[in-house]
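For reference, the structure discussed in these notes is given below.
Computed from heavy atoms alone, side chains included, the values below leave out hydrogens, waters and symmetry copies. Values in this document were obtained by computation on a predicted structure and should not be read as measured data.
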Amino acid sequence: MKKVIQSFSLLLVIFLFIAGCGNNGQDDSAEGAEGDSDTLVLAQASDIPSIDPQNSLSTTGDRVHRNLFSRLFIWDNDLDLQEDLVDTYEQVDEETWHFHLKEGVTFHNGDSLTAEDVKFSLERVMTDETLKEYPYFGQLDEVNALDDLTVEIITDGPMPTLLNLLAKSGSDVLPKDYFEEVGVEEFQNNPIGSGPYKFVEWVKDDRVVLEANEDYFGEDPKWQNVEVRAITESSTRIGELLTGGVDIITDVPPNEWDRVDADPEASLINGDTTRVNLLMVRTTDEYVTSDPLVREAIDLAIDNQAIIDSVLQGNGISVRTRVPEGVFGSATELVDTQVHDVEKAKELLTEAGYPDGVDITFTASRGRYPLDSEIAQLIGSMLEEAGFNVNLELLESSAFLDKYNSNSNDELIMIGLADGLLDASYSLVHYTEERAEGQTDYQNDEVEELFNLAGRNLDEGEREEQYQRIQEIIAEERPHIFINQSVVSYGVSDYLNFEPRLDEVILFDNITLN
């Protein structure tokens with residue numbers, strides 16, 4: 001393992017030297033940076049996957065949607081729930097809630113936002129199985145418009161996470177009349193929301209442009225214009241920041257920290273996240289990873305801490321759970337731990353019937369996450385050392401998302417997943433039979449029962465124990481093999497005030513000029 005780390009470190013040094021000598025990639029078409037008091041320019045590592053807020057399920061998309069659309073509730077910067085479209089609300093009984101909307105809220109086209117729009121929006125995400133947010137809304141049983149400004153939500157039993165759900169991605173309120181008039185395709189060409197910023201254009205794989213909504217029901221927007229750019233190469237993204245092409249960038253990799261911090265007009269700002277980097281594992285019979293011994297061998301072969309220390313420069317926490325610290329229900333004994341043992345991994349492969357090694361295909365992205373391809377290469381080397389013959393498939397962000405979303409990968413695919421609910425139910429839904437279908441195809445009756453019980457359990461202590469038991473089972477059966485909980489690094493121009501959030505949401509109006 002020491003030789004693997006040394007060899008990889010040498011390759012990383014060469015890579016950094018080449019990157020440092022490269023072109024900054026400055027794009028003169030970016031206007032409004034350099035401290036322009038009217039325009040904010042944000043650069044992300046990848047484009048938004050969809051302008052449809054109920055069919056996105058990504059951090060990059062949510063940063064746009066949360067400013068374009070409104071929801072019934074919102075998480076403030078301290079991650080306390082606050083009313084957004086809601087004025088007042090009450091719980092009628094264990095399954096029934098009434099929400100009274102604020103008066104005078106309008107969509108960007110001037111139409112009034114009413115209870116019918118809320119009903120339409122929630123029913124869409126509750127019933128359309130093709131939407132990526134659909135799995136999270138299964139406990140909503142009925143939505144009724146009692147009058148123009150009163151919404152009734154009935155759940156299929158007690159639901160302790162309802163208010164959290166109404167603040168997360170997918171609960172965005174869409175304009176019923178406009179959506180039904182133009183259809184989903186035209187809506188994506190010209191989306192209408194009720195948030196502080198209005199849609200101007202989306203040039204795919206380049207930028208989303210928004211402008212201030214002068215009729216916003218809340219405080220006046222801080223910016224006249226906002227551009228959210230997609231710049232996949234980290235060196236190019238940093239070059240844009242340092243030359244004034246953009247104001248703030250996400251996902252600064254550890255090897256570029258000093259470059260940002262050394263600039264007299266920019267700063268590096270780190271923030272904790274709920275994102276866990278993991279390997280999704282095929283568990284069906286046509287794959288060698290259907291054998292629990294093979295999955296355990298993969299887990300034992302990977303030295304999480306070595307990845308964190310050598311590639312991420314200490315920027316992360318080794319974990320064996322999808323539910324990280326900071327999220328309700330996290331199993332703390334599975335955080336800051338690992339089970340690395342190469343010799344035992346070799347023994348398990350022999351026991352599984354592969355004394356001479358076994359072939360696996362490992363898919364990962366290149367540039368979607370900080371140093372993702374470098375991490376994948378190191379994992380590949382670790383697996384090779386344990387006896388696996390690894391076909392490493394590195395894909396650019398859009399090609400990677402196509403493969404991930406179409407469930408067309410083979411044995412292993414590496415991805416980073418965050419928690420949009422700040423509750424273990426959000427992460428653990430991946431291990432239910434319905435959600436796992438096509439990805440891991442994992443099935444476990446005890447997990448299924450515990451998940452369903454916890455989702456309707458108003459006893460917080462008992463619910464937490466149920467979620468922790470699920471995590472123990474997953475750590476043992478390994479439909480996911482976990483690498484680390486991430487820390488995200490932003491590059492920020494010094495003329496801005498910016499504070500990162502655990503949920504990685506960026507509310508544009510929380511970014512202000514010094």
**Message:** Show me the pairs that pass salt bridge (charged side-chain N to carboxylate O under 4.0 Å, His left out) and involve residues 314-339, at least two apart or across chains.
**Reply:** Asp299-Arg320

**Item:** Side-chain touch Phe137/Ser171, heavy atoms, less than 4.5 angstrom
**Value:** yes

**Request:** Indicate yes or no for a side-chain donor-acceptor contact from Thr161 to the backbone of Asn164 under 3.5 Å, with no hydrogens or angles considered.
**Result:** no

**Item:** Pro160 backbone acceptor or donor facing Asn457 side chain under 3.5 Å
**Value:** no

**Asked** Hey, does Ser365 have a side-chain heavy atom less than 4.5 Å from the side chain of Ser397?
**Response** no

**Request:** Indicate yes or no: does Glu411 engage Arg282 in a salt bridge with an N to O separation below 4.0 Å.
**Result:** no

**Prompt:** Going by atom types alone, do Thr60 and Gln44 pair a side-chain donor with an acceptor below 3.5 Å?
**Reply:** no

**Message:** I'd like to know if the side chain of Gln485 reaches the main chain of Ile317, judged simply by a donor and an acceptor atom lying under 3.5 Å from each other, with no hydrogens or angles considered.
**Reply:** no

**Prompt:** For the side chain of Asp78 and the backbone of Asp80, is there at least one donor-acceptor N/O pair under 3.5 Å apart?
**Reply:** no

**Request:** For residues Pro135 and Val429, report the shortest heavy-atom separation together with the two atoms involved.
**Result:** O-CG2, 4.4 Å

**Request:** Locate the shortest heavy-atom distance separating Gly380 from Val390; write the atom from each residue and the value.
**Result:** O-CG2, 3.9 Å

**Asked** Would you call Val319 and Leu334 a side-chain contact if the rule is heavy atoms closer than 4.5 Å?
**Response** no

**Asked** Under 3.5 Å, side chain of Asp251 to main-chain N/O of Tyr369, donor-acceptor pair present?
**Response** no

**Prompt:** Passes side-chain hydrogen bond (donor to acceptor under 3.5 Å, both in side chains), Thr283 versus Arg478? Steps please.
**Reply:** CA-CA 9 Å; Thr283 65; Arg478 299 174 171 89; over 6 Å; no

**Asked** What residues, two or more places apart in sequence or in another chain, satisfy ring-ring contact (aromatic ring centres under 6.0 Å, His included) together with Tyr442?
**Response** none

**Request:** Could you tell me which residues satisfy ring-ring contact (aromatic ring centres under 6.0 Å, His included) with His480, sequence neighbours excluded, listed by chain and number?
**Result:** His430, Tyr431

**Item:** Set of salt bridge (charged side-chain N to carboxylate O under 4.0 Å, His left out) partners for Arg435, sequence neighbours left out
**Value:** none

**Asked** Taking the side chain from Ser56 and the backbone from Pro53, do they hold a donor-acceptor pair closer than 3.5 Å?
**Response** no

**Message:** If you count every heavy atom of other residues, nucleotides or ligands that lies below 6.0 Å from Glu233 atom CD, does the total exceed 12?
**Reply:** no

**Item:** 4.5 Å side-chain heavy-atom contact, Leu371 and Pro254
**Value:** yes

**With Ser493, the side-chain contact (heavy atoms from CB on, under 4.5 Å) member among Leu242, Leu241, Ile248, Val41** = Leu241

**Request:** Provide the full list of salt bridge (charged side-chain N to carboxylate O under 4.0 Å, His left out) pairs with a residue in residues 46-68, sequence neighbours left out, each pair given once.
**Result:** Asp52-Arg124, Asp62-Arg71, Arg63-Glu504, Arg66-Asp84

**Asked** Of Leu383, Ile302, Asp303, Val311, which meets side-chain contact (heavy atoms from CB on, under 4.5 Å) against Leu378?
**Response** Val311

**Prompt:** Hey, is Arg368 close enough to Glu396 for a salt bridge, meaning N to O under 4.0 Å?
**Reply:** no

**Request:** Take Thr363 and Asn409 through the side-chain hydrogen bond (donor to acceptor under 3.5 Å, both in side chains) test and state the conclusion after the steps.
**Result:** CA-CA 7 Å; Thr363 302; Asn409 60 283; 5.8 Å; no

**Fill in**
The ring-ring contact (aromatic ring centres under 6.0 Å, His included) partners of Tyr490 (sequence neighbours excluded) come to Phe498

**Message:** Donor-acceptor pair, distance only, cut-off 3.5 Å: does the side chain of Ser381 make one with the backbone of Gln377?
**Reply:** yes

**Message:** Any non-hydrogen side-chain atom of Phe362 less than 4.5 Å from a side-chain atom of Leu279?
**Reply:** yes

**Prompt:** Any side-chain heavy-atom pair from Glu94 and Leu458 closer than 4.5 angstrom?
**Reply:** yes

**Request:** Quick one: closest heavy-atom pair of Asp359 and Val288, and the distance?
**Result:** O-CG2, 4.0 Å

**Request:** Please check if the side chain of Asp402 supplies one atom and the backbone of Phe400 the other of a donor-acceptor pair under 3.5 Å.
**Result:** no

**Fill in**
Of all heavy-atom pairs linking Gln82 and Asp76, the shortest is NE2-OD2, 3.0 Å

**Complete:** Across all chains, not counting sequence neighbours, the salt bridge (charged side-chain N to carboxylate O under 4.0 Å, His left out) partners of Asp156 are Arg456

N/O donor-acceptor pairs under 3.5 Å from side chains in residues 345-356, not counting sequence neighbours:
| from | atom 1 | to | atom 2 | distance (Å) |
| --- | --- | --- | --- | --- |
| Thr350 | OG1 | Lys346 | O | 3.2 |

**Message:** If you apply the rule side chain to side chain contact (heavy atoms under 4.5 Å, CB included), what do you find for Met414 with Ile375, and how did you get there?
**Reply:** CA-CA 10 Å; Met414 184 174 76; Ile375 291 171; 4.1 Å; yes

**Asked** Do the side chains of Tyr467 and Leu428 get nearer than 4.5 Å, heavy atoms only?
**Response** yes

**Asked** How about Asp285 and Tyr287: do any of their side-chain heavy atoms sit closer than 4.5 Å?
**Response** no

**Leu401 CG to Ser50 OG distance, which is reported to the nearest 0.5 Å** = 11.5 Å

**Message:** Please determine whether the number of non-hydrogen atoms from other residues, nucleotides or ligands lying under 6.0 Å from atom CG of Asp258 exceeds 12.
**Reply:** no

**Message:** Applying side-chain hydrogen bond (donor to acceptor under 3.5 Å, both in side chains), can you list everything that pairs with Asn391, at least two apart in sequence or on another chain?
**Reply:** Thr361

**Request:** Over all heavy atoms of both residues, which pair between Ala376 and Leu394 is shortest? Give the atoms and the distance, please.
**Result:** CB-CD2, 3.9 Å

**Message:** Using the rule given for side chain to side chain contact (heavy atoms under 4.5 Å, CB included), can you reason through Asn55 versus Glu133, listing the C-alpha separation, both sets of side-chain angles and the distance that settles it, and then say yes or no?
**Reply:** CA-CA 6 Å; Asn55 199 34; Glu133 291 283 0; over 6 Å; no

**Request:** Check the side chains of Asn484 and Asn277 for a donor-acceptor pair under 3.5 angstrom, ignoring hydrogens and angles.
**Result:** yes

**Prompt:** Does Gln54 use its side chain to pair, donor to acceptor, with the backbone of Ser121 at less than 3.5 Å?
**Reply:** yes

**Request:** Answer yes or no: is there an ion pair linking Arg237 with Glu240, defined by an N-O contact shorter than 4.0 Å?
**Result:** no

Pairs under 3.5 angstrom only: tabulate donor-acceptor contacts from the side chains of residues 446-454 to other protein residues two or more places apart or in another chain.
| from | atom 1 | to | atom 2 | distance (Å) |
| --- | --- | --- | --- | --- |
| Glu446 | OE2 | Arg469 | NE | 3.1 |
| Glu448 | OE1 | Glu433 | N | 3.0 |
| Asn452 | ND2 | Glu448 | O | 3.1 |

**Request:** State which residues pass salt bridge (charged side-chain N to carboxylate O under 4.0 Å, His left out) with Glu477; sequence neighbours excluded, sorted by chain then number.
**Result:** none

**Asked** At their closest point, which heavy atom of Ala306 faces which heavy atom of Ser310, and how far apart are they?
**Response** O-OG, 2.6 Å

**Arg229 side, atom CZ; Thr236 side, atom OG1 - distance, nearest 0.5 Å** = 10.0 Å

**Any donor-acceptor N/O pair, Thr273 side chain to Ser486 backbone, under 3.5 Å** = yes

**Request:** Tell me, please, which residues at least two apart from Tyr136 pass ring-ring contact (aromatic ring centres under 6.0 Å, His included).
**Result:** Tyr426

